[in-house]
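Naming convention: chains lettered A, B, ... in sequence-line order (proteins, then strands); numbering from 1 in each chain.
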Amino acid sequence: MPELPEVETTRNGLAPHLIGARINKILLRRPNLRWPIPVEIQTLNGQFITAITRRAKYLLMHTDAGSALWHLGMSGSLRVLDADVQPREHDHVDWQLDSGKILRFYDPRRFGCLMFQAPDTMHPLLAALGPEPLTELSSEHASPNLPEFTADYLYERSRGRSQVVKSFLMDQATVVGVGNIYVAESLFQARVKPQRAAGSLNRSECTRLVNAIQGILRHAIARGGTTLRDFINPDGAPGYFEQELFVYGREGEPCKVCGQPIKAAKLGPRQSLYCGKCQR
DNA sequence: AGGTAAACCTGGACGC
DNA sequence: TGCGTCCAGGTTTACC
């Protein structure tokens, strides 16, 4: 489901409810999501949540005794509810808080995860991630020696790569947070065809791509993310960015810039939407 | 080492 | 109405 803007929207919605709250009980309705939920997660019982941060598409909830590391996968969502709200099917995890609220994780496809990160360590899942695209939102959990996400960085990193630029940008080792929606929108705005080889990008195209990725992610965050199917923020509101999509989900519809029908191609296993006239 | 395919899951949309 | 097929916002793992 969620790309960086949806995870950031979730973080923004959760923070006022969670920061300073005490975790009274962690209820697991099943032992595993994508992976087994480690028993150490119960270390967080009785702890106070001191901060909630995001690294790539992961959310981290911190306490003095360690941190919870969440990923929402394709269909996961986190909401804060009154404690008497009955769980639905696929409501897999509840945290009961001293405020009388519960933090509830819902994830039908179970591609999400809940892991434990010990104090002053970095979970292996975070180790190979590339730079954050938005410097103003870069978390302190990124390795200090990561490069900045700039046109120079993108240009140098793409040299010699035969991989299509769309897959290259979705690779979380290149830049984090960009998934299938926002890569399509960014490539459109930068006027770059998704099937181009990454190594064929010139400096000016790298500049356009960095600007497009940053601008679109910022704009989507300001809109509360994109709601397709069932994304809602922790307070139950949808995102409003889908009204501003130029190519994603618009196969056959006229390009909002030139009027040509939007095309679809399979790149790797995934659908890629683009305009054959505007993107070169 | 880089690149690709398969794997993990469920639910909804579609065609017959 | 029912069943089979395909598709979906992600990422790891196993292979060439």
Gap between atoms [atom1] and [atom2], on [X] and [N] respectively (whole Å):
{"X": "A:L114", "N": "C:dT11", "atom1": "CG", "atom2": "C1'", "answer": "17 Å"}
{"X": "A:L72", "N": "C:dT11", "atom1": "CG", "atom2": "C1'", "answer": "13 Å"}
{"X": "A:H123", "N": "C:dT11", "atom1": "NE2", "atom2": "P", "answer": "15 Å"}
{"X": "A:R157", "N": "B:dG3", "atom1": "CZ", "atom2": "P", "answer": "10 Å"}
{"X": "A:M74", "N": "C:dC7", "atom1": "CE", "atom2": "C1'", "answer": "9 Å"}
{"X": "A:L4", "N": "C:dT11", "atom1": "CG", "atom2": "C1'", "answer": "16 Å"}
{"X": "A:M170", "N": "B:dG2", "atom1": "CE", "atom2": "P", "answer": "19 Å"}
{"X": "A:L126", "N": "C:dT11", "atom1": "CG", "atom2": "P", "answer": "12 Å"}

Exercise. Is there a side-chain polar atom (N or O) of A:Q172 under 4.0 Å from OP1 or OP2 of C:dT11?
Worked result: yes
Problem set entry | Dot-bracket pairing map - DNA chain C, Watson-Crick plus G-U, both contacts under 3.5 Å, | cross-strand | .|||||||.|||||||
Taking salt bridge (Lys or Arg N to Asp or Glu O under 4.0 Å) as the cut-off, I'd like each qualifying pair that reaches into [range], sequence neighbours left out, listed once.
{"range": "residues 253-276 of chain A", "result": "A:R250-A:E253"}
{"range": "residues 176-202 of chain A", "result": "A:R196-A:E205"}
{"range": "residues 11-33 of chain A", "result": "A:E8-A:R11, A:R29-A:D94"}

Exercise. When you measure from the centre of the six-membered ring of A:Y106, is the NZ or CZ of A:R79 under 6.0 Å away and within 45° of the axis?
Worked result: no
For this session: Mind checking A:Y58 for me? I need base, sugar-phosphate or nothing, with any heavy atom below 4.0 Å counting as a touch.
Result: sugar-phosphate
Exercise. Among all residues two or more places apart in sequence or in another chain, which pass the salt bridge (charged side-chain N to carboxylate O under 4.0 Å, His left out) test with A:E136?
Worked result: A:R218
For this session: With sequence neighbours excluded, tell me which residues meet salt bridge (charged side-chain N to carboxylate O under 4.0 Å, His left out) with A:D171.
Result: none
Exercise. Given C:dG10, C:dT12, C:dA8, which nucleotide is nearest the side-chain atoms of A:Y248?
Worked result: C:dA8
Problem set entry | P gap between C:dC6 and B:dA6, integer Å | 14 Å
Exercise. Considering only the P atoms, how many Å lie between B:dC9 and C:dA14, rounded to the nearest integer?
Worked result: 15 Å
Exercise. How does the hydrophobic cluster around A:V247 look, that is, which other residues are in it when side-chain heavy atoms under 4.5 Å mark a link?
Worked result: A:F188, A:F246, A:V257, A:I262, A:L273
Exercise. What class does the angle between the rings of A:W70 and A:F105 fall in, given that below 30° is parallel, 30 to 60° is tilted and above 60° is perpendicular?
Worked result: tilted
Exercise. How does protein contact run along nucleotides 4-11 of chain B, one letter per nucleotide 5' to 3', with B for base contact, S for sugar-phosphate only, - for none, heavy atoms under 4.0 Å?
Worked result: S---BBBS
For this session: Any pair with a residue in residues 145-176 of chain A that passes ring pair (Phe, Tyr, Trp, His ring centres under 6.0 Å), sequence neighbours left out, goes on the list, sorted by first then second residue, please.
Result: none
